[in-house]
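Here is the structure we will look at, set down as structure tokens.
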Amino acid sequence: MIWNEAMECADPKDLKGIQSQRLKEIVAYIYKNCPPLKAKLDAAKISPKDINSIDDITKLPFTTKNDMRDNYPFGLFSLPLKEFKEIHVSSGTTGNPTVVGYTKEDIELWSEVMARVLCCAGANPNDMIQIAYGYGLFTGGLGFHYGALKMGLTILPASSGQTKRQLKLMTDFKPGILACTPSYCLYMAEEARDLGINPKEGSWKVGIFGAEPWSESMRKEIEATWNMLATDVYGLSEIIGPGVAQECQYKDGLHIFSDVFYPEVINAETGQPVKEGEKGELVITTLTKRGMPLLRYRTRDIVSIKYEKCRCGRTSPRVSKITGRTDDMIIVRGINVFPSQIEHVLLGIEGTQPHYQLIVDRKTGELDELEVQVEVEPKIFSDEIKKLKMLEDKIRKEIESILGIFVKVTLVEHKSIQRSEGKAKRVIDKRVL
Ligand code: DLL
């Protein structure tokens, strides 16, 4: 089933007409309503009258995570705060989170694109969906919830965690669809086996997995373990949350809903478009959002794009699975972590040094573990163990309160972390995806 055939299967020429019209409108709207983005347009000497077709998009300046940070918390909102009905946050690069807001119309748009996601994954209106993405400030749980409501599914709003309860819900209620991070799905299989449940006999027939990178081999493992179809869903808070792109049953790229989220793939260094099929950074313009529309947002996610029609009938362009990022953000248990956030904490704590390393690991059947190794000043390292323990606890608590996940902190001696003459190697990722 295709939720919105008119848009998802549109003739490319018609689609271009719609995108052109929408781009003209959104640039004029931003120019009028969002002073910081207007200032960027002015600096680039671009005004709404310069935009006549979607091809003019390359004249527009990029928007980046720094723009979000510089305008914290509500500076990029194009309407007064009272027009916003929901606010979510994701990780910022330092102390403050990235704030995103939705008007009533934006929530309607979110519901629409998430209904497209669910249909694209293979959901039918009679299905029951277990939503095991976190509900709350993270966009995963509520995004899926709105789409499932719109589509008329029966919703189990389980949220993340409480694995035994998740498995009991699956066994007793027999939902056909599971939505969670891919790593959590595999973790649930281990727990299931420990409880004497054979995952192969589980009720989930379709999984909608995203919010973190995962490979084709992980897909195979999930499909074989749970006897299900494992599909990939992509999105980011700044653009809407989940609901930017989704795989169909052919699993040959994620259909990006380009009538509302216009994609470009660029060379991250030059900013110029790359050729179809070549890898580059995904840049997205929101063509219809009203609360916090963004022009040419640099996602930092690396993809390739193709425009040929898919066997499923959709003409929407398809992006490859995300193969990496152009910055140093890592995702641990579905939470975005920037090394700079940790650095920010360390700089505020006496006795520590800005020499640190993040070590991420995932043992089979277990969730991701993040260890933060921090160098301390020599005089501190010679202190009694009790004092060191207190310092370790202090660092751990501060990092945990910012990231919202458990971390292990290990204090190490001055100069024990390898120095680099170029870019410091902040992250050692030992996970095999
Ligand atoms: O992770 C939104 C989401 C929720 C997507 C549930 C899918 C399912 P953020 O917390 O803002 O939003 O993180 C966005 O996560 O820029 C990617 O780097 C990464 N990411 C999201 N989906 C995928 C995916 C949500 N399918 C950042 N594969 C993005 C790889 C993904 N990385």
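Since the structure is predicted, the reported quantities are computational estimates derived from the model, not experimental observations. Numbering of residues begins at 1 and proceeds along the displayed sequence. Atoms within a ligand are numbered from 1 in the order they appear, just like the ligands themselves.
Distance check: Cys34 SG to Lys40 NZ gives 10.5 Å after rounding to the nearest 0.5 Å. Interatomic distance, OG of Ser340 versus CZ of Arg426, reported as 10.0 Å (0.5 Å rounding).
If you check the side chains of Ser316 and His255, you find a donor sitting under 3.5 Å from an acceptor.
For Arg300 and Glu281, the salt-bridge test passes: some basic side-chain N is under 4.0 Å from an acidic carboxylate O.
For Tyr135, the ring pair (Phe, Tyr, Trp, His ring centres under 6.0 Å) test picks out His145, with sequence neighbours left out.
For the pair Trp204 and Gln130, the minimum side-chain heavy-atom distance is below 4.5 Å.
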Under a 3.5 Å threshold, I'd like every N/O contact between ligand 1 and protein atoms, with atom names and distance.
unit_1, atom_1, unit_2, atom_2, d
ligand 1, 10 (O), Asn336, ND2, 3.3
ligand 1, 11 (O), Ser237, N, 3.0
ligand 1, 11 (O), Ser237, OG, 2.6
ligand 1, 13 (O), Asn336, ND2, 2.9
ligand 1, 16 (O), Asp301, OD2, 2.6
ligand 1, 16 (O), Arg325, NH1, 3.3
ligand 1, 18 (O), Asp301, OD1, 2.7
ligand 1, 18 (O), Arg325, NH1, 3.1
ligand 1, 22 (N), Ala211, N, 3.1
ligand 1, 26 (N), Asp232, OD1, 2.7
ligand 1, 26 (N), Val233, O, 2.7
ligand 1, 28 (N), Glu212, O, 3.2

